[in-house]
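Here the structure comes first, spelled out in structure tokens, and everything after it is commentary.
For clarity, every value in this text was computed on a predicted model and none was experimentally measured. Chain identifiers are assigned alphabetically (A, B, ...) following the order of the sequence lines, protein sequences preceding nucleic acid strands; residue numbering begins at 1 within each chain.
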Amino acid sequence: MERRIRDFWEAEGVYKYDPDSGKPQFSVDTPPPYVSAAHLHVGHAMSYSQAEFLVRYKRMTGHEIFYPMGFDDNGLPTERFVEQTHKVNKKTISRADFRALCMEETAKGAVAYEEMWRDLGLSIDWRLRYSTIDEHCRRTSQLSFIDLYKKGEVVRSDDPVLWDTVYDTALAQADLEVMDRKGQLFDIAFRDPDGNDMVISTTRPELIPGCVALYHHPDDERYKPLAGKSASVPIFDYDVPLKTSEDVDPEFGTGLMMCCTFGDGEDVKKWRIDKLDTRLVIGRDGKMTALAGKYEGMDIGGARKAIVQDLDEAGFIRDQRRVDQAVSVGERSGQPVEFAMVPQWFIKVLDKKEQFLKRSAELNWFPEHMKIRLDQWIEGLKYDWNISRQRFYGVPFPVWYVQETGDVILADEADLPVDPTEDAPPQWAQEKYAGMTIVGEPDVMDTWMTSSVSAQINANWAGTQGRMGCDFPLSLRVQAFEIIRTWLFYSVVKSDLHAATLPWQQAMISGWGLNEQGKKISKRDLEKFTDENGYNRYDPHSVIREYGADALRYWAAGARLGSDLRYHEKDVKVGRKLVIKMWNVARLIEMYLEGYDRDAAKVPLADRAVEDRWVLSGLDKLIGDVTRGFEGYDYAIGREALDKYFWNTLCDNYLEIVKERLRKPEVFGETSQKAAQDTLVEVLRTVLALFAPYVPFITEELYQKFYAADEGGASLHKSSWPEKQGREDAVAGETMKSLLAVIEAWRFMRTRDKIPFSTGIDVLTVHLEGEVAHMKEAIEANADTLKSALRARSIKVDGGTGTETNRDGLTLSYTVVEE
RNA sequence: GGGCGUAUAGCUCAGUGGUAGAGCGCUACCUUGACAUGGUAGAAGUCCGUAGUUCGAUCCUACGUACGCCCA
């Protein structure tokens, strides 16, 4: 069924973006997932579904939808995937071959992804698809660089940069993660000029040969007498100055701090402020440099051990103890980062914290509390954004250097995209620097350089020929919370610098789908739990094959926006149950619609039975609830309200009550039958529309079956969102409360007395006294409702108490129809 | 150490300043002319703890505890 509906949508072009429709535009900046579809799990299906509920809602509320899909194909994850899959690394393979392999895996991944999203029923216009490595994105990305260069916001500098020794590349602050671990803290003695101990505490004794200064707090009386003096570095025997800094905590250890180039961001700061010496003792490869003397060539761990041993033997170690430490590691390599000094391109962000915070405040956050994550990230920024990566697969910098002069040559915008390692510089530059050596920049840009302009890519800011673009800024950004500091932050930076605006009006932040243990679903889960038939409960393809995309989507709608949701296969089964139930409800209605004339005038509301008015009243309220939910970017509210209405109000009660009316016009009258039919037709139509964003397949199927021909509408998903019809009816609600109490009492007794469903009641007497006396009028005035609901021939109301007592204080007595 | 979030039935989660909710699971019954991938009924909770505000707190406030995430 889903396959057929999917083909139908595609044949009809239901989700195609039409720039000329004249409708208000709703554009979505969706997260580009990266390569290798092998890691795809139901958590991904969840977050993409959640965004898509909104898209479908917006489409039905009359918006022209711009819903693209991107693929994040450049960057370290892709490279690493290729390195692992093909057992190569960038040192053993040529740049061109490596890029070719990346492109190949990228293409494979994209096919798998696209198939996945189509299966899931995402209403994407696939013509708007982009890949972050394609020509349009390279052009946009390079244009972004050139624009920022011209504005003076991107600069080349050889400041210390965060360095990943495993992947041999620079990193940005956002590429770091914190790893908590146990470390060894050593108290190590330096010597003042008089030969007295000056003890510092460090977890990194291997950096001692890189020590360039000792620091203490300016008010620390212990060290004031030593001001301006120097200290001697143990084993390495050279002198470093003694300096002061407000940042030193006098309470920590001895109040003396060693500053090396470079142990951490603090060292970098002091190095810059106090113009300290530079002694890089750890190389880009993670090995000790010549400055480390006899330790040269050792890896960090080995050098630490050797240096500690030598310090100990020479009597410089005063104490050592285990401590908890937080180490910055590369997000991809998981290894502690070091520092290196290599000329890199930086985007200046540190001087703009205030203006980014202002942008954060301008953005509409859903849920609201996600804003603080961005604010805190901005406040904690320590480095400008290094956008250079010493990798192969990425967007090249549109830049050449003149060796003789050091001049920077920028590509002409008309030539973009360029690859300076292959393409010649612009003609004017060749003429100007004739006879000199011009070298293309070999580094590639940080992958976020491209991802951060996804809004501009979608809006076709670069003006690529033949590409459709939406308005800028876009309406909505959708993403998970863990990339607020990267994707969201960098996007805000880019739009602020390029256009002095936000990239979108709203940001909707989703949570994660977790496994049963509440942990992130891992690749291991995907491998470990695959059975002999290839079925895996975490694999979206498996789940969709087994239960259908609607069922999986239904599960995804169970999490409040922004919260994580544990995945249990049984919850998908509940979704499957709903789909089947809808199918059966439709079948039932179809059955009772035999001979129904859709064009005939509807029975006026006032002439319909109380249950008709009640179910329509509930429908109006439901429309309000679901709509309110979506307006607040919360789909979970709507699903819950729909569930309740559909199962409880419609299936359990209304349908059960009206069956007899529909079946026996000779008893209840033809108007009564027609009224029930009118009501059912409308209720089903509205319920289908309200459920459409969540379970698009089954709702479309039923719409096509029952309504499409009549309405001349192509697709339910292009039809309009239901609006309240002013049918809310408190009186009917009150009356139905009484009637339902009788019905429930009867169900209770029927179960207790083991009366088969098929057995009708001859006479049912409701005994009313005390608190329930007020029900008399409701019951007498709506006897037909009860007759139909209970299959009773007659209903009587009596005072006193019957013999049969229900817990609600309502008492019934009855005689059954003898067969 | 700082911040954010979460804590409600066996499980996954809604919710409300006034008697506590759903689905799943469990128990019993029912093969009824939509549905056994079903239906009906039932059992099941110290709403994390303590103190405060209030006529009344699961909800508001403060403090604490546990867990998750982010940042040092």
Side-chain angles (χ1 to χ4, degrees), chain A residues 173-174 176-178 180 249 252 264-266 324-328 367-382 480-485 509 511-520 546-548 551 554-555 557-560 562-593 629 634 636-637 639-648 650-653 655-656 659-660 662-664 680 684 743-760 791 806-808:
Chain A
Q173 188 179 344
L176 303 184
E177 269 178 5
V178 179
D180 291 313
D249 175 8
F252 181 79
D264 57 24
E266 285 305 305
D324 295 317
Q325 58 177 164
V327 188
S328 287
E368 228 262 315
H369 68 255
M370 291 292 177
K371 172 177 181 289
I372 200 157
R373 288 177 184 247
L374 178 63
D375 293 351
Q376 289 180 342
W377 177 254
I378 293 171
E379 285 159 7
L381 282 173
K382 286 193 301 202
F481 59 85
E482 87 279 11
I483 48 175
I484 287 177
R485 71 182 196 190
I509 312 292
W512 273 345
L514 305 174
N515 66 17
E516 292 86 342
Q517 288 73 43
K519 301 285 177 204
K520 208 176 164 182
E546 184 76 17
Y547 303 108
Y554 175 88
W555 163 72
R560 298 301 300 268
S563 15
D564 297 339
L565 179 64
R566 290 193 189 194
Y567 174 76
H568 289 265
E569 200 177 351
K570 65 182 174 61
D571 295 330
V572 180
K573 290 181 186 171
V574 175
R576 178 83 188 135
K577 221 173 110 176
L578 171 79
V579 171
I580 293 169
K581 189 77 171 179
M582 288 177 84
W583 182 259
N584 283 313
V585 165
R587 235 169 65 175
L588 173 83
I589 293 177
E590 183 184 24
M591 181 183 296
Y592 290 134
L593 247 45
D634 194 337
I637 290 174
R639 196 202 84 172
E640 197 168 327
L642 272 161
D643 269 353
K644 210 167 167 180
Y645 182 84
F646 178 73
W647 287 97
N648 192 261
L650 183 59
C651 293
D652 295 350
N653 288 317
L655 289 178
E656 293 301 331
K659 268 182 189 172
E660 289 284 298
L662 289 159
R663 205 177 287 152
K664 297 177 181 163
L680 277 178
L684 178 66
I743 292 169
E744 273 162 28
W746 165 244
R747 284 177 185 162
F748 176 78
M749 285 175 51
R750 185 181 57 199
T751 299
R752 197 197 53 187
D753 296 350
K754 305 191 196 323
I755 312 277
F757 270 61
S758 46
T759 304
R791 296 186 189 178
N806 180 43
R807 68 194 180 294
D808 291 334

Taking atom [atom1] in both [N] and [M], compute the distance separating them and give it to the nearest angstrom.
{"N": "B:rU40", "M": "B:rU32", "atom1": "P", "result": "16 Å"}
{"N": "B:rU37", "M": "B:rG3", "atom1": "C1'", "result": "47 Å"}
{"N": "B:rG56", "M": "B:rU46", "atom1": "P", "result": "24 Å"}
{"N": "B:rG18", "M": "B:rU54", "atom1": "C1'", "result": "12 Å"}
{"N": "B:rU27", "M": "B:rC70", "atom1": "C1'", "result": "46 Å"}

The side chain of [X] lies closest to which of these nucleotides: [options]?
{"X": "A:L655", "options": "B:rA34, B:rC11, B:rC13", "value": "B:rA34"}
{"X": "A:F748", "options": "B:rA41, B:rG23, B:rA72", "value": "B:rA41"}
{"X": "A:K581", "options": "B:rA14, B:rA34, B:rA41", "value": "B:rA34"}
{"X": "A:E656", "options": "B:rU37, B:rA34, B:rA72", "value": "B:rA34"}
{"X": "A:V574", "options": "B:rG33, B:rG23, B:rA34", "value": "B:rG23"}

Would you indicate whether the side-chain heavy atoms of A:W555 and A:H568 approach each other to under 4.5 Å? no

Answer whether the closest heavy-atom distance between the side chains of A:K577 and A:Y554 falls below 4.5 Å. no

Counting the atoms with a prime plus P, OP1 and OP2 as sugar-phosphate, which does [X] contact under 4.0 Å by heavy atoms, base, sugar-phosphate, or nothing?
{"X": "A:W647", "answer": "sugar-phosphate"}
{"X": "A:D180", "answer": "base"}
{"X": "A:K573", "answer": "nothing"}
{"X": "A:D652", "answer": "sugar-phosphate"}

Is the shortest side-chain N/O distance from [X] to OP1 or OP2 of [N] below 4.0 Å?
{"X": "A:Y592", "N": "B:rA34", "value": "yes"}
{"X": "A:K577", "N": "B:rC24", "value": "yes"}
{"X": "A:R560", "N": "B:rG15", "value": "yes"}
{"X": "A:R373", "N": "B:rC4", "value": "no"}

5′-ward residue of the pair A:R587/A:H369 relative to RNA chain B: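 Going by which nucleotide is closer to the 5' end, it is A:H369.
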
Indicate the ring-plane relationship of A:F481 and A:W512, choosing parallel, tilted or perpendicular according to the 30° and 60° boundaries. tilted

Is there a donor and acceptor pair closer than 3.5 Å between the side chain of A:Q376 and the base of B:rA72? no

